[in-house]
Amino acid sequence: MVLRVAVVGSGPAGSSAAETLVKAGIETYLFERKLDNAKPCGGAIPLCMVDEFDIPLKIIDRQVKKMKMISPSNIEVNIGQTLKDDEYIGMCRREVFDSFLRNRAAKLGANLINGTVHKLDIPNSDNEPYTLHYADHSQGDIKGESKTLKVDLVIGADGANSRIAKAIDAGDYNYAIAFQERIRLPEDKMAYYEDLAEMYVGDDVSPDFYAWVFPKYDHVAVGTGTMKVNQAKIKHLQTGIRNRAAKRLEGGEIIKVEAHPIPEHPRPRPIRGRVVLVGDALGTVTKSSGEGIYFAAKSGRMCAETIVEASNKGQTIPTEADLKRFLKGWNKTYGATYLVLDILQRVFYRSDATREAFVEMCADVDVQKLTFDSYLYKTVVPANPLKQMKITAKTLGSLLRGNALAP
């Protein structure tokens with residue numbers, strides 16, 4: 001036999017999973033309802049992803065080497081002085097980035113289906129296939145032609161509103177709302193953002209997250225995010241970031257407005273039988289930084305690697321127990337990262353006073369180096385004991401100051 005796997009959703013998670021599966025000779029079907037989809041996203045990727053996922057430089061719009069953290073009172077802290085000459089944060093447009101990953105998987109042998117999966121039939125036994133009901137849009141028809149596909153295993157990579165998650169009763173999760181405007185600036189204003197990104201914090205731009213101005217190929221992405229409970233305020237918060245960055249955005253033209261939900265923690269039941277969730281469908285976005293692209297792609301690849309190993313490269317059908325090894329490995333590798341970032345968000349994003357203290361702390365060179373090393377390479381390089389003590393003291397001092405200033 002040859003294992004048949006359907007991957008629903010071709011963002012970084014789905015495409016990375018599909019690529020890994022087809023390289024192992026597994027029959028793979030990759031579904032995408034909208035091939036020109038442009039997800040609202042800051043579009044930042046860490047340096048390690050470029051090599052690890054073989055991302056060509058032509059896909060990267062900007063190599064950001066400088067960042068500004070801007071406090072509620074508009075105190076600016078310049079970050080990036082610890083970066084080496086060859087280090088940078090990559091800035092991408094998701095429609096370009098996702099298309100590249102998707103097409104690469106297809107060229108390697110994944111069966112790319114331009115279709116919307118509407119329903120998943122769950123079999124009654126371990127030996128029966130899953131049946132996907134979908135609308136095929138390959139002829140350009142929005143409604144599409146109704147079709148079905150039988151497979152042995154399903155990977156749900158279909159985002160925060162995942163239909164695959166609903167089909168297996170994976171449970172709900174809290175989610176944030178990202179709202180973003182793409183703004184084309186005059187040349188002199190765009191030159192300012194050539195290799196610079198900005199992050200703004202404050203209740204006026206987000207009560208529980210941050211706002212951003214990230215440079216892209218010929219425009220900047222200006223956006224904010226907030227929890228679902230504040231969804232009604234999202235346009236007001238977007239006005240806040242537009243006001244805070246007003247001088248730098250003068251003469252800009254809005255060329256696109258976009259919004260999208262972002263999961264805030266993993267779903268409670270992401271595996272059922274031979275169905276497993278990855279990426280936003282699973283809930284891999286980090287707290288505090290809001291990073292999602294790398295972790296989505298990594299979750300897809302790690303899930304697929306587990307399937308390849310458990311199936312002996314597609315010769316047998318993995319079980320639910322086999323798939324759970326993926327989550328065990330995921331939590332072992334990244335559990336501490338998610339915990340630390342969750343704590344940072346809870347501690348420093350709860351008031352403007354603590355945000356002021358947080359931005360102040362970011363001015364410290366040792367804090368910057370530790371932060372960039374962990375972000376760029378996804379490994380925390382231990383500081384020497386004296387520097388570690390200094391960072392700890394700086395953190396405690398900032399916390400005390402923030403609490404003292406809090407109303």
- Which residue pairs pass the salt bridge (charged side-chain N to carboxylate O under 4.0 Å, His left out) test with at least one member in residues 281-292, sequence neighbours excluded? K287-D342, E291-K378
- Item | Sequence neighbours excluded, every pair satisfying ring-ring contact (aromatic ring centres under 6.0 Å, His included) that has a member inside residues 97-120 | none
Just distance, no hydrogens or angles: give the donor-acceptor pairs under 3.5 Å from side chains in residues 70-84, sequence neighbours left out.
| residue | atom | partner | partner atom | Å |
| --- | --- | --- | --- | --- |
| S71 | OG | S73 | N | 3.3 |
| S71 | OG | S73 | OG | 3.3 |
| S71 | OG | I75 | N | 3.0 |
| S71 | OG | E356 | OE1 | 2.9 |
| S71 | OG | E356 | OE2 | 3.3 |
| S73 | OG | E356 | OE1 | 3.2 |
| S73 | OG | E356 | OE2 | 2.7 |
| N74 | OD1 | R244 | NE | 2.8 |
| E76 | OE1 | K68 | NZ | 3.4 |
| E76 | OE1 | R248 | NH2 | 3.4 |
| E76 | OE2 | R248 | NH2 | 2.7 |
| N78 | OD1 | K68 | NZ | 2.7 |

- Of all residues at least two apart in sequence or in a different chain, which pass the salt bridge (charged side-chain N to carboxylate O under 4.0 Å, His left out) check with R325? E309, D322
- Item | Any residue meeting salt bridge (charged side-chain N to carboxylate O under 4.0 Å, His left out) with K150, in chain and number order, not counting sequence neighbours | none
Would you list the atom pairs, donor with acceptor, under 3.5 Å between side chains in residues 275-282 and any protein atom, with sequence neighbours excluded?
| residue | atom | partner | partner atom | Å |
| --- | --- | --- | --- | --- |
| D280 | OD2 | K39 | NZ | 2.5 |

- Note on the structure: Contacts satisfying salt bridge (charged side-chain N to carboxylate O under 4.0 Å, His left out) that involve residues 26-38 (not counting sequence neighbours) are none
- Here the ring-ring contact (aromatic ring centres under 6.0 Å, His included) pairs for residues 33-83, sequence neighbours left out, are none
- Message: Restricting to salt bridge (charged side-chain N to carboxylate O under 4.0 Å, His left out), what partner residues turn up for R355, sequence neighbours left out?
- Response: D203, D352
- Who are the salt bridge (charged side-chain N to carboxylate O under 4.0 Å, His left out) partners of E194, not counting sequence neighbours? none
- Message: According to ring-ring contact (aromatic ring centres under 6.0 Å, His included), does anything in residues 10-49 pair up with another residue at least two apart or in another chain? List the pairs.
- Response: F31-Y134
- Item | CD-OG distance between E19 and S10, expressed to the nearest 0.5 angstrom | 13.0 Å
- In short, ring-ring contact (aromatic ring centres under 6.0 Å, His included) pairs touching residues 312-333 with sequence neighbours left out are W330-Y334
